[in-house]
Amino acid sequence: MKKSYWLLKSEPDVWSIDQQKKAGVKGAEWDGVRNYQAAKNLKAMKKGDQCFFYHSNIGKEIVGVVEIIKEAYLDKSDKTGRFVSVKVRFLKKLKKPIKLEDIKKNKELSHLSLIKQSRLSVMPIDSKSWKILNNTSKI
DNA sequence: GCCAACGTTGGC
DNA sequence: GCCAACGTTGGC
């Protein structure tokens, strides 16, 4: 079973990496997604997949990594029953957050949806880009 | 705080 | 099923 990689966006005002950290090993629900493309991505996630945690608006940077601990299930907060949630748990905070600005500068990362589709809140990250980003955070 | 981009809704 | 109007997101 091959792992997939993703990126999850959150406004730190609403849900931040520190709150995620406090939720600990039990994890927290990732709900409230009301966009079909994002929902499609949520449904494709498998237990054990890893996701970058991105702070939008304030910070505009990748700040940490979380892991999927529960695959897509109906989002209880959605009355229409069309959208799903997943459950994620905190893995780590990056030593050095990766600024959107720096991702934009990197030619190898210019294909990422993060840059092309600024409004998408759940998106796949190919394994090559995942590696590049991980290496960047260690500098 | 503004505005561009884009997704969704509803009237026809 | 089209498309205008509207709402939301997120970068600047």
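All values reported here derive from a predicted model rather than from experimental measurement. In what follows, every chain begins at residue 1, and chains take the letters A, B, ... in the order their sequences are listed.
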Between C/dG11 (P) and A/Gln117 (CD): distance, integer Å: 13 Å
In terms of the angle between their ring planes, are A/Trp130 and A/Tyr5 parallel, tilted or perpendicular, with boundaries placed at 30° and 60°? parallel
Whole-Å gap separating P (C/dG11) and NZ (A/Lys116): 17 Å
Would you say the side chains of A/Asp49 and A/Trp6 form a donor-acceptor pair under 3.5 Å? yes
If you measure only the distance, is there a donor-acceptor pair under 3.5 Å linking the side chains of A/Asp75 and A/Ser77? yes
Given DNA chain B, 5'-ward residue of the pair A/Asn35 and A/Asn57, judged by closest heavy atom: A/Asn57
Could you tell me how far apart A/Arg34 (CZ) and C/dG7 (P) are, to the nearest whole angstrom? 18 Å
Upstream residue (5' side of DNA chain B) when A/Arg119 and A/Arg82 are each assigned their closest nucleotide: A/Arg119
Looking at A/Tyr54, I'd like to know whether one of its side-chain N or O atoms comes within less than 4.0 Å of OP1 or OP2 on C/dG11. yes
Atom CE of A/Met123 to atom P of C/dG10: distance rounded to whole Å? 9 Å
Rounded interatomic separation in angstrom, taking CG from A/Leu114 and C1' from C/dT9: 13 Å
Rounded to the nearest angstrom, tell me the gap between atom CG in A/Leu8 and atom P in C/dG10. 12 Å
Checking side-chain polar atoms at under 3.5 Å, does A/Arg34 have a donor or acceptor matched by the opposite partner on A/Ser121? no
Interatomic distance, A/Trp15 CH2 vs C/dT9 P [rounded to whole Å]: 18 Å
CD1 of A/Ile115 versus C1' of C/dC12: gap in Å, rounded? 16 Å
